[in-house]
Amino acid sequence: MHVWLRNEPLNSCAINYPISHHINANTLRKTVNYAKNKGASGYPKIEYSIWRYIACNKISIPEHLAWMYFESFYAMSNYGNQRCIEFDIEINKCKSKEEQEKIKDCKRVDLYQFILHLYIQQFYTIDLKSSIMSREEWPVNRSDGNDRKKSKGTDELNFINFVTKNFDEIISLFSFDKTINQNDIVSEEIQQALNFILEGSVDNYQTILPFSQLLKQSSVQSKMNDGKMYVKNLVIFLKNYIEMNPFGLNSCLRNGKRITATYLGGSMDPKKYGKIITNANSAPKNDFIVFVSQVLKQTLVDNSQTFLNCGLYIDKCLSSNIYILQSLRSCSIKKCKKSLLFVGPTQRTVTVDNCNDCTIVSICRRIIIRNCSMCNFYLLTPTSPILLTGCDNIKFAPYNSTYPGIEEDALTAGISDMINLWDKPIVVTQNQSLIGLHWSLMNPSEFQVISVPIETEIKQQPSSNELINKANEVFGILPADYERELTERYQILEINLELIQNANLNQEQKMMLQRFIETSFKESLQINGEQKQLDHLATITNSLNTQGQQMSN
């Protein structure tokens, strides 16, 4: 008999910031009662209009943050990716903010589970004073009464402690009175709400059951006093049988299978290859993890099924170029430096934490950035990027790349290329004077298209113009200023090519020009740091050629 906390509520839903000190068990209990009194618009599903009124007028949360919390829960509530795309397109067609608000107001989510979503945000209560003093500050769980550092998504034991210690209070969220009797029956409705954070198994992980179904199993009911779902019985059961998530990150690192990347090039020192670990062989199809760590001075390219719909973790990579060309479920990037991190369309949240001097290229439902400096973000996202504490010198730009199959991957992730809020970040801080000081929009003159190093269909003898157009391809719609900059840039190239072709140079002049162009190009590669990536790609090509020769022999 096993019960554990699900991965997704914290990995994909948590904002990791105390929006308001007014969000607590008491105010959430009042929210439930207020919503129930509003009839069908508040219960069993709560409309955004009801939540917005409560958040803005009762809990003192700014309207854009109220929507951020609501939308983050809505996006992972299994309403379907196509429904998310339709909603994004509908919002994009609106001609005024009033029209957008009318559409938002009609969106509904399960009231009880939404309340749980808000409650578990308290697990990460940030010490704002220490966040100012130290860039290495991590969230502090005040309910434990100590200063132990927490790591989102990896410190599962602390989250278990948080839930078990506060389980009585969690049950009380759905009662009229803040005091709850230990002999009260936990209703079927509350049991179903707990499915949001809990699941389990009674057959050694062969079948994964939502918590409410787990409680109906005879082997579980036999552990209950009188077979009744009293509060006290449920608390005892949870404390006795809860365990680390068998499909979580910690378990993956201990018991997962080590795999190799499809393409990996760079230093020949195996210590710099890093490690890629997955639990895909044991975890449910919609809940497996791939962990990429400590890739040093390498170029890694992977478009295999290994990464399809996984929860991806990229950790402690240095001076590397990493391309994951698959649709993902969620993505966490932590403690990377001087690296290019290209991740495929992500269905839920991309979190970037404690990174320095990195370029992140991402199509995602949401991106949360924290404790990062000197990073460039090339984004396609239907929601505003969320910028938390500890960030400095952050630049945002529109999405700047493409690769074969990107349209299908974006559709799988439920993201349309018709709406992109890359330039409307939300800065979450209690110090309003800091808003706008630590981020900027990239100047179009700095904008660069990134070509993914993977084979594409090009004619055997393409013209110069065809190569230029191929290099200029970007998925999605570029803003006019950036489109104009690229057009002017490539027009200059076309003019120069035409001048060379019409110059009637002799053979010696052609050789001199060629040497000048090659020298200038190599100098540019060295200055921009691109030469290392080309060297890495050369080692990949040589390795593939060697493998091909061995197979032919």
Side-chain angles (χ1 to χ4, degrees), residues 71 75 81-97 99-100 103-104 323 325-328 331 340 342-350 359-367 369 376-386 394-426 439-452 454 456-457 465-494:
E71 196 278 336
N81 291 336
Q82 184 58 39
R83 201 164 175 180
C84 289
I85 291 177
E86 292 171 357
F87 172 71
D88 294 338
I89 293 174
E90 195 176 6
I91 287 290
N92 190 49
K93 289 180 179 178
C94 294
K95 297 180 180 179
S96 66
K97 183 179 178 181
E99 289 183 29
Q100 291 183 348
I103 294 173
K104 290 180 180 179
Y323 300 85
L325 311 178
Q326 277 289 4
S327 175
L328 309 174
C331 177
L340 166 64
F342 185 114
V343 295
T346 305
Q347 179 181 348
R348 292 174 180 166
T349 301
V350 172
T359 295
I360 288 88
V361 183
S362 175
I363 298 173
C364 56
R365 169 61 46 183
R366 166 176 289 95
I367 185 164
I369 306 162
N376 295 335
F377 290 85
Y378 294 89
L379 304 175
L380 196 167
T381 175
T383 62
S384 295
I386 299 171
I394 303 297
K395 288 186 179 181
F396 294 102
Y399 194 71
N400 66 339
S401 191
T402 188
Y403 64 86
I406 193 171
E407 296 87 352
E408 293 79 5
D409 287 349
L411 186 64
T412 299
I415 299 171
S416 167
D417 63 348
M418 294 181 64
I419 179 170
N420 190 0
L421 301 185
W422 65 275
D423 57 343
K424 296 177 175 60
I426 294 175
W439 67 272
S440 63
L441 302 183
M442 182 178 291
N443 191 300
S445 63
E446 302 176 59
F447 183 78
Q448 298 290 335
V449 173
I450 290 181
S451 297
V452 174
I454 190 169
T456 57
E457 293 184 5
N465 287 344
E466 286 174 323
L467 285 174
I468 290 172
N469 291 334
K470 198 72 181 176
N472 198 19
E473 285 186 5
V474 170
F475 178 70
I477 303 171
L478 279 178
D481 289 349
Y482 294 84
E483 182 71 44
R484 189 182 308 111
E485 172 66 26
L486 289 184
T487 300
E488 292 175 356
R489 204 178 291 171
Y490 290 110
Q491 282 176 347
I492 293 173
L493 283 176
E494 290 175 350

How many angstroms lie between CZ in F342 and OG in S401, if you round to the nearest 0.5 Å? 4.0 Å

With rounding to the nearest 0.5 Å, note down the distance linking CD1 in I91 to OG1 in T383. 12.5 Å

Can you tell which of L328, V350, T381 makes a side-chain contact (heavy atoms from CB on, under 4.5 Å) with S362? V350

Rounded to the nearest 0.5 angstrom, the CD1-CH2 distance for I394 and W439 is 11.5 Å

Check the pair E485, L478 against side-chain contact (heavy atoms from CB on, under 4.5 Å), reporting the backbone distance first and the verdict last. CA-CA 10 Å; E485 172 66 26; L478 279 178; over 6 Å; no

From CA spacing to verdict: salt bridge (charged side-chain N to carboxylate O under 4.0 Å, His left out), R484, E488: CA-CA 6 Å; R484 189 182 308 111; E488 292 175 356; 5.2 Å; no

Find out whether F377 and P385 are in side-chain contact, i.e. whether some heavy atom of one side chain is under 4.5 Å from a heavy atom of the other. no

What verdict does the side-chain contact (heavy atoms from CB on, under 4.5 Å) test give for I360 and I369, after you've listed the backbone C-alpha separation in whole Å, the side-chain angles of each residue and the deciding distance to 0.1 Å? CA-CA 11 Å; I360 288 88; I369 306 162; over 6 Å; no

For the residue pair E90 and E99, establish whether any side-chain heavy-atom pair is separated by less than 4.5 Å. no

I'd like to know if the side chain of T349 and the backbone of R366 have a donor-acceptor N/O pair within less than 3.5 Å. no

How far does OG1 of T359 sit from CG of N376, to the nearest 0.5 angstrom? 5.0 Å

Correct closest heavy-atom pair for R365 and R348 would be CB-O, 3.1 Å

In a table with atom names and distances, give each donor-acceptor pair under 3.5 Å that connects a side chain of residues 441-448 to protein atoms at least two apart or in another chain.
{"from": "N443", "atom 1": "OD1", "to": "S445", "atom 2": "N", "distance (Å)": "2.9"}
{"from": "N443", "atom 1": "OD1", "to": "S445", "atom 2": "OG", "distance (Å)": "2.9"}
{"from": "E446", "atom 1": "OE1", "to": "K395", "atom 2": "NZ", "distance (Å)": "2.7"}
{"from": "E446", "atom 1": "OE2", "to": "K395", "atom 2": "NZ", "distance (Å)": "3.4"}

Distance from N400 atom CG to S451 atom OG, nearest 0.5 Å? 9.5 Å

Does any non-hydrogen side-chain atom of Y482 lie less than 4.5 Å from one of V474? no

Close side-chain approach of Y323 and V361, heavy atoms under 4.5 Å: no

Is there a side-chain contact between W422 and P479, using heavy atoms and a 4.5 Å cut-off? yes

Nearest-0.5 Å distance that lies between atom CD in Q100 and atom CG in N92: 8.5 Å

Verify side-chain contact (heavy atoms from CB on, under 4.5 Å) between M418 and D88, making sure each step is shown before the conclusion. CA-CA 8 Å; M418 294 181 64; D88 294 338; over 6 Å; no

Any side-chain heavy atom of E473 within less than 4.5 Å of one from V449? no

Determine the minimum heavy-atom distance between S416 and I85, stating which atoms define it. CB-CG2, 3.9 Å

For C364 and P382, work out which heavy atoms get closest and say how close. O-CD, 3.3 Å

Side-chain contact, heavy-atom cut-off 4.5 Å: L380 with D417? yes

Tabulate below the donor-acceptor pairs under 3.5 Å that side-chain atoms of residues 404-415 make, not counting sequence neighbours, or state none.
{"from": "D409", "atom 1": "OD2", "to": "Y403", "atom 2": "OH", "distance (Å)": "2.7"}
{"from": "T412", "atom 1": "OG1", "to": "E408", "atom 2": "O", "distance (Å)": "2.9"}

Side-chain donor/acceptor of N420 to backbone N/O of L379, under 3.5 Å: yes

Any idea which heavy atoms bring V343 and C331 closest together, and the distance? CG1-SG, 4.0 Å

